[in-house]
Amino acid sequence: MDNIKSYFKKIHNQLEAGFNKEYKKYGLTSTQLDVLLYLSQITDSDSTLSDIAAYFGVRHTSVIHVLKLLEKKDLICKNTAQIGRAKPILLTESGRQLSTQLISKMEQKGPLLDAIMFAGLSEADRQLLEKMLGQIYENLQSDAFQNL
């Protein structure tokens, strides 16, 4: 069973290293990219620090650091016109342009990444893998795991 857990970690590390290498030329880490893409997909409402932390399942402190870096790069800003503690996080014009550019690039490379990652797996295997990973994710969201 420990082998399975180590595969999760190794797969995560491989993907993160690949994304970090690919997006370094844009001055972004994979984590910064994730937040930027998340913000670019939120069109119906403003997203706050709490929303971002909840979406990624991480603590506020982790998100604060990433947001500060993105703000320093002029890719995001806080809506200071909003009254109250929770300030919506908005993409700047340069953040919106970069997001659009990166989404297009990812759409082009997505099929190739899928072909590499899932080589040797049938469509049925892929569907089963997706189902199993979904179940594992649900299990980790349970109170049993949270209270471990």
Side-chain angles (χ1 to χ4, degrees), residues 1-24 26-92 95-96 98-99 102-103 105-107 109-148:
M1 201 55 133
D2 285 335
N3 246 359
I4 293 174
K5 288 184 274 185
S6 71
Y7 278 125
F8 279 114
K9 183 66 174 166
K10 289 176 181 180
I11 290 167
H12 168 77
N13 290 345
Q14 283 290 112
L15 287 170
E16 188 168 43
F19 287 131
N20 282 338
K21 181 181 173 192
E22 178 67 25
Y23 296 103
K24 184 177 184 176
Y26 300 99
L28 295 173
T29 65
S30 65
T31 304
Q32 293 168 6
L33 173 67
D34 289 342
V35 172
L36 196 65
L37 294 177
Y38 167 78
L39 290 171
S40 73
Q41 295 169 354
I42 303 300
T43 55
D44 57 343
S45 67
D46 293 329
S47 190
T48 64
L49 168 68
S50 294
D51 296 330
I52 297 167
Y55 179 80
F56 289 105
V58 297
R59 295 184 177 175
H60 287 79
T61 52
S62 300
V63 176
I64 289 169
H65 177 68
V66 174
L67 292 177
K68 283 182 181 178
L69 292 171
L70 290 173
E71 195 169 20
K72 203 175 202 178
K73 295 174 184 185
D74 193 37
L75 298 173
I76 64 164
C77 63
K78 292 180 187 138
N79 185 353
T80 54
Q82 188 84 11
I83 297 173
R85 281 189 64 157
K87 304 285 185 216
I89 312 297
L90 307 170
L91 288 174
T92 61
R96 199 174 339 283
L98 182 58
S99 295
L102 295 176
I103 288 168
K105 185 176 183 76
M106 292 173 89
E107 287 172 349
K109 287 193 170 194
L112 178 58
L113 177 60
D114 284 357
I116 293 167
M117 281 181 55
F118 302 116
L121 297 179
S122 68
E123 184 57 34
D125 289 341
R126 284 180 67 168
Q127 290 175 2
L128 180 58
L129 176 61
E130 185 174 356
K131 180 181 177 185
M132 289 188 300
L133 291 173
Q135 183 62 58
I136 291 168
Y137 181 77
E138 271 185 50
N139 295 345
L140 294 175
Q141 294 294 311
S142 72
D143 288 340
F145 178 75
Q146 300 300 322
N147 298 324
L148 191 69

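Throughout, numbering of the chain's residues begins at 1 and tracks the sequence.
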- [ ] Can you measure from CG (Leu129) to CE (Met132) and round to the nearest 0.5 angstrom?
- [x] 5.5 Å
Task: Spatial distance of atom CG (Leu49) from atom NE2 (His60) [nearest 0.5 Å] - done: 4.5 Å
TODO: Check whether any side-chain heavy atom of Phe8 sits under 4.5 Å from a side-chain heavy atom of Leu133, and report yes or no.
DONE: yes
Open item on the list: Could you tell me if the side chain of Leu75 sits less than 4.5 Å from the side chain of Leu69, heavy atoms only?
Closed with: no
Task: Spacing of Ile89 atom CD1 and Ser47 atom OG [to the nearest 0.5 Å] - done: 7.5 Å
Task: With Arg126 via side-chain contact (heavy atoms from CB on, under 4.5 Å) - residues at least two apart - done: Asp114, Phe118, Leu121, Glu123
TODO: Classify the side-chain pair Thr48/Asp51 by whether it contains a donor and acceptor separated by less than 3.5 Å.
DONE: yes
- [ ] Any chance you could measure Gln135, atom CD, to Leu140, atom CG, to the nearest 0.5 Å?
- [x] 10.0 Å
TODO: With sequence neighbours left out, write down each residue that passes side chain to side chain donor-acceptor pair (under 3.5 Å) with Asp74, or none if nothing qualifies.
DONE: none
Task: Residue pair Asn139 / Phe145: nearest heavy atoms and the distance that separates them - done: O-CB, 3.8 Å
Task: Working for side chain to side chain contact (heavy atoms under 4.5 Å, CB included), residues Thr29 and Val66 - done: CA-CA 10 Å; Thr29 65; Val66 174; over 6 Å; no
- [ ] State whether the side chain of Gln32 and the backbone N or O of Leu67 hold a donor-acceptor pair below 3.5 Å, judged by distance alone.
- [x] no
TODO: For residues Leu37 and Ser99, report the shortest heavy-atom separation together with the two atoms involved.
DONE: CD2-O, 4.3 Å
Task: Audit row: Thr31, Phe19, side chain to side chain contact (heavy atoms under 4.5 Å, CB included) steps and yes/no - done: CA-CA 9 Å; Thr31 304; Phe19 287 131; over 6 Å; no
Open item on the list: Contact between Met117 and Leu15 at the side-chain level, heavy atoms closer than 4.5 Å - yes or no?
Closed with: yes
Task: Beyond-backbone contact of Leu98 with Leu91, side-chain heavy atoms, under 4.5 angstrom - done: no
TODO: Taking all non-hydrogen atoms of both residues into account, name the closest pair between Phe56 and Asp34 and its distance.
DONE: CZ-O, 3.5 Å
TODO: Output the distance between atom OG (Ser40) and atom CD1 (Ile76), rounded to the nearest 0.5 Å.
DONE: 12.5 Å
- [ ] State the CD-CG distance between Gln41 and Leu36, to the nearest 0.5 angstrom.
- [x] 10.0 Å
Open item on the list: According to salt bridge (charged side-chain N to carboxylate O under 4.0 Å, His left out), does anything in residues 13-23 pair up with another residue at least two apart or in another chain? List the pairs.
Closed with: Glu22-Lys25, Glu22-Lys105, Glu22-Lys109
Task: Short side-chain to backbone donor-acceptor contact, Asn20 and Ser30, under 3.5 Å - done: yes
